[in-house]
Engineer: 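Below is a structure I'd like to ask you about.
The figures here come from the full heavy-atom set of this structure, side chains too, leaving out hydrogens, waters and symmetry mates. Position 1 is the first residue of the sequence; numbering continues from there.
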Amino acid sequence: MIRTTQKWDVVIVGGGMVGAALASGLTTQGFNVAVLEQQEPAEFDAASNPDIRISAIGAASVELLKQLEVWPLVQAMRSTPYRKLETWEWRSAQVGFDAQSLGLPELGYMVENSVLQRALWQRLQQQKVTLLSPASLETLSPCNGGWQLTLNNGDSHTARLVVGADGANSKVRQLAGMGIRGWNYAQSCMLISVRCEQEAGDCTWQQFTPDGPRAFLPLFDRWASLVWYDSPSRIRQLQGMSMTQLSQEISAHFPARLGHVTPVSAGSFPLVRRHATRYVLPGLALVGDAAHTINPLAGQGVNLGYRDVDALIDTLVASRDRAEEWASEGVLKRYQRKRLKDNLLMQSGMDLFYFAFSTPVKPLRIIRNLGLMVAERSGVLKRQALKYALGL
């Protein structure tokens with residue numbers, strides 16, 4: 001039985017890292033916003049081990065979080081700057097990037113997903129945002145030029161604009177009948193939280209191997225996160241091991257520069273590419289993983305989501321200031337045009353990188369390592385590539 005009906009300018013389905021940032025930004029701009037989220041993020045515990053889910057937050061994303069007054073809340077919990085990035089297959093063909101070359105204090109920060117979600121939630125609680133949680137979306141239907149949402153508790157809400165920020169398996173996208181294109185990659189990914197014998201430092205690195213990349217993400221207090229790409233069967237095998245057994249596997253398969261580490265926790269997930277065939281309908285838009293998922297090779301997922309947030313806020317505010325119907329399909333297509341090409345370019349770039357380095361054919365191995373050598377010596381082009389990845 002429907003108990004209440006409430007009206008909003010914008011209802012954002014999904015209060016995660018992208019949805020909460022969008023809610024904060026739109027509220028700051030004077031929109032009446034509600035956020036629908038299944039579960040409130042857990043309280044931060046400074047004594048806890050790091051979340052196995054880590055995001056590499058680029059410089060442009062940090063700037064957005066500063067504008068939203070979220071970044072001080074993140075820093076009050078935990079974050080780790082990284083100033084160098086290195087990648088190689090052959091050590092003689094290593095490519096390195098550093099913040100100094102761009103005149104930046106850092107390239108970005110490693111932030112636990114749980115920390116970022118908690119900081120964003122705290123910020124929403126300080127603002128005039130209505131938090132509908134715990135609750136989930138049941139039905140979605142067009143209504144009087146907007147949309148009507150029915151929740152699992154029987155409540156009904158109407159909105160001029162509904163935003164799907166509810167992840168790769170977006171219910172908003174499914175209920176709205178918006179198609180997706182995509183495929184599963186021939187690899188899975190394992191994330192491992194480890195304690196290091198030495199300070200983790202400020203360099204994140206990635207080595208390409210015949211079985212898949214091995215990556216190192218520095219964290220706080222001698223903690224780090226390892227990323228292990230391999231075949232799904234191999235990742236399942238690793239997932240079934242004890243921490244002692246996993247430690248032996250890490251020693252055998254990660255480069256010597258890692259040093260001795262002690263694994264504490266681990267989790268795995270398949271690698272999937274998805275891209276919505278469209279981002280918008282009249283009164284409805286998708287952002288973040290609901291619109292696009294990307295190979296996590298370069299850690300660009302959440303940064304692309306924040307570019308979506310920036311573009312959607314700019315589009316809606318500019319349209320409202322011109323006294324246009326800001327939730328109309330014509331206006332929302334401006335957001336789609338801004339973001340579709342960029343997201344597709346980043347997806348395709350990561351795919352090209354992935355396929356080039358996952359092919360064992362010897363001539364191609366030689367070509368790709370020569371390519372890395374050229375990239376290392378390319379000067380201006382290398383800096384431009386880094387600036388693009390950082391959203392600068």
Side-chain angles (χ1 to χ4, degrees), residues 49-59 78-100 106-113 115 187-230 234-235 238-239 241 243 245-269 271 295-303 350 353-354 357-358 369 372 375-376 386 389-390:
N49 293 342
D51 187 353
I52 62 167
R53 300 166 304 153
I54 308 293
S55 290
I57 305 298
R78 292 195 296 229
S79 63
T80 305
Y82 65 97
R83 299 179 176 89
K84 299 176 183 177
L85 188 159
E86 297 174 4
T87 187
W88 75 92
E89 182 176 25
W90 300 343
R91 288 306 305 223
S92 60
Q94 178 173 305
V95 176
F97 301 91
D98 66 86
Q100 190 176 6
E106 63 278 319
L107 295 177
Y109 287 80
M110 299 297 175
V111 184
E112 299 156 66
N113 288 11
V115 166
Q187 286 186 337
S188 290
C189 179
M190 189 174 196
L191 305 174
I192 312 166
S193 293
V194 299
R195 284 189 179 276
C196 307
E197 283 193 337
Q198 307 297 325
E199 289 295 329
D202 62 359
C203 179
T204 179
W205 50 258
Q206 185 162 250
Q207 177 194 26
F208 290 95
T209 78
D211 299 313
R214 311 279 185 265
F216 173 85
L217 313 179
L219 300 176
F220 61 96
D221 296 342
R222 296 190 179 181
W223 282 97
S225 178
L226 304 184
V227 189
W228 189 329
Y229 298 84
D230 217 308
R234 175 64 166 144
I235 295 297
L238 293 170
Q239 189 70 56
M241 292 181 179
M243 289 297 145
Q245 292 170 320
L246 188 57
S247 179
Q248 294 170 349
E249 293 295 320
I250 290 169
S251 296
H253 295 282
F254 270 72
R257 72 178 287 180
L258 176 64
H260 179 71
V261 298
T262 303
V264 176
S265 58
S268 62
F269 58 91
L271 301 185
N295 191 310
L297 207 56
Q300 286 299 307
V302 70
N303 294 302
M350 288 303 99
F353 218 59
Y354 167 78
F357 279 89
S358 60
N369 280 280
L372 289 179
E376 174 62 12
L386 181 58
L390 297 175

Engineer: Checking E106 side chain against T80 main chain: does a donor-acceptor pair fall under 3.5 Å?
Structural biologist: no
Engineer: Do Q187 and P213 come within less than 4.5 Å of each other through their side chains, counting heavy atoms only?
Structural biologist: yes
Engineer: Distance-only, no hydrogens or angles: does the S225 side chain make a donor-acceptor pair with backbone N or O of S193 under 3.5 Å?
Structural biologist: no
Engineer: Rounded to the nearest 0.5 Å, how far apart are CE of M243 and CD of Q248?
Structural biologist: 13.0 Å
Engineer: I want to check something: taking the side chain as every heavy atom from C-beta on, are R234 and M190 in contact at a cut-off of under 4.5 Å?
Structural biologist: no
Engineer: Heavy-atom distance under 4.5 Å between the side chains of L85 and W205, does that happen here?
Structural biologist: no
Engineer: Pair L258, V194 - check side-chain contact (heavy atoms from CB on, under 4.5 Å), show working.
Structural biologist: CA-CA 11 Å; L258 176 64; V194 299; 5.7 Å; no
Engineer: Is there a donor-acceptor contact under 3.5 Å from the side chain of R53 to the main chain of E112?
Structural biologist: no
Engineer: Using side-chain contact (heavy atoms from CB on, under 4.5 Å), reason through L191 and L226 one step at a time and then give a plain yes or no.
Structural biologist: CA-CA 6 Å; L191 305 174; L226 304 184; over 6 Å; no
Engineer: Please answer whether the main-chain N or O of I57 pairs with a side-chain N or O of S55 as donor and acceptor at a distance below 3.5 Å.
Structural biologist: no
Engineer: For R222 and E199: C-alpha separation, side-chain torsions, deciding distance, then whether salt bridge (charged side-chain N to carboxylate O under 4.0 Å, His left out) applies.
Structural biologist: CA-CA 5 Å; R222 296 190 179 181; E199 289 295 329; 3.5 Å; yes
Engineer: Is there a side-chain contact between P263 and I250 (heavy atoms, below 4.5 Å)?
Structural biologist: yes
Engineer: Specify the closest pair of heavy atoms between C203 and R257, including all atoms of both residues, with the distance to one decimal.
Structural biologist: SG-NH2, 4.1 Å
Engineer: Is the F254 ring parallel, tilted or perpendicular to the W228 ring (thresholds 30°, 60°)?
Structural biologist: perpendicular
Engineer: Would you say D230 and R214 make side-chain contact, with heavy atoms under 4.5 Å?
Structural biologist: yes
Engineer: Are the side chain of D202 and the backbone N or O of P81 linked by a donor-acceptor pair below 3.5 Å?
Structural biologist: no
